[in-house]
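Accompanying notes for the structure given below.
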Amino acid sequence: MTINGKTVLVTGANRGIGQALVAEALRRGAGRVYAGTRQPLAHPDPRVTPLTLDVTSAAQIQAAADQIGSLEILINNAGVFAPDDLGDRAALDRHLAVNFFGTYAMIQAFLPMLTRSKGAIVNNVSLAALAPIPLTPAYSISKAAAFNLTQSLRVLLAARGVRVHAVLTGPVDTEMIRSLDIPKAPAESVARAIFDAVNNGEEDIFPDPLSASLADSWRNGAAKELERQNATLVRAAPAAA
Ligand SMILES: NC(=O)c1ccc[n+]([C@@H]2O[C@H](COP(=O)([O-])OP(=O)(O)OC[C@H]3O[C@@H](n4cnc5c(N)ncnc54)[C@H](OP(=O)(O)O)[C@@H]3O)[C@@H](O)[C@H]2O)c1
């Protein structure tokens, strides 16, 4: 799927990877980019339509869906990341509310449009979905759940012609991990790699040097093979009446 002429919605579009995804979509000739943000956003490009969109707000998601006539690419990028030690249930709730249920709610709301356009869903997950970061276990759990959701949806929505991609992002130089003194990829190069991979139809996307070093072993590994085998169960099942 090329981006040229397409209608794209990006959540968490005001900074970090989301901001870079908006810029890259415009650079690739997107016809319309809906930029979902919690605070008002002004953008100089007339192809950008700001949307007030907290992904934990059912009312704001519904209002956004009512405002948008058609959509070809939904990018669930909004996310929260905070340290915890699993001692506080509220930390789990906060991470799941945005990173998992926010992603789920956005997909539910925009699925009719994506089905009509035979479009694509791109969930910006994290490498933490594959192996938890013990400094941020609640975040890791929420990303593992979002990845698992992505894996099921890509099978369930294939018959409708909707592609579902997971971005297994490694460390990126944004506010989110500003305090971590580790090598980080620039958000701009990550955004380019995400759109290149969507263009190439890669279902699991490894958009930075660290994640890219794991791509082959993931694609040829036992967990991916099991995902493929499990997918055949759905394809073999008779369609629901
Ligand atoms: N940076 C990394 O190393 C890294 C690695 C793996 C995965 N990721 C994932 O990449 C995505 C983008 O992260 P980033 O690095 O660009 O982080 P960031 O700079 O902290 O940006 C996070 C974005 O999410 C938005 N957001 C937070 N809660 C929201 C809510 N309830 N509703 C709507 N938007 C909300 C923020 O908006 P406000 O400005 O209003 O807070 C902001 O736009 C996240 O899902 C993150 O988990 C990042």
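Just follow the structure's listing: the first ligand is 1, and inside any ligand the first atom is 1. Not measured: the values here are computed from a predicted model.
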## Note on the structure
Test side-chain hydrogen bond (donor to acceptor under 3.5 Å, both in side chains), reference N76, set N123, N124, N99, output is N123
## Note on the structure
Chain-and-number sorted residues having a heavy-atom contact under 4.0 Å with ligand 1 are G12, N14, R15, G16, I17, R38, L53, D54, V55, T56, N77, A78, G79, V80, V98, N124, V125, S126, Y139, K143, T169, G170, P171, V172, T174, E175, M176, I177
### Message
Counting only heavy atoms not in D181 (residues, nucleotides, ligands), do more than 12 fall under 6.0 Å from its CG?
### Response
no
### Message
Please check: side-chain N/O of R163 versus main-chain N/O of V122, any donor-acceptor pairing under 3.5 Å?
### Response
no
### Query
Heavy-atom count around R178 CZ within 6.0 Å, excluding the residue itself: above 12?
yes
### Query
Hey, mind stepping through W218 and D216 against side-chain contact (heavy atoms from CB on, under 4.5 Å) and telling me if it holds?
CA-CA 5 Å; W218 167 255; D216 282 348; over 6 Å; no
#### Entry: The single option from K224, Q151, H165 passing side-chain hydrogen bond (donor to acceptor under 3.5 Å, both in side chains) against E203
K224
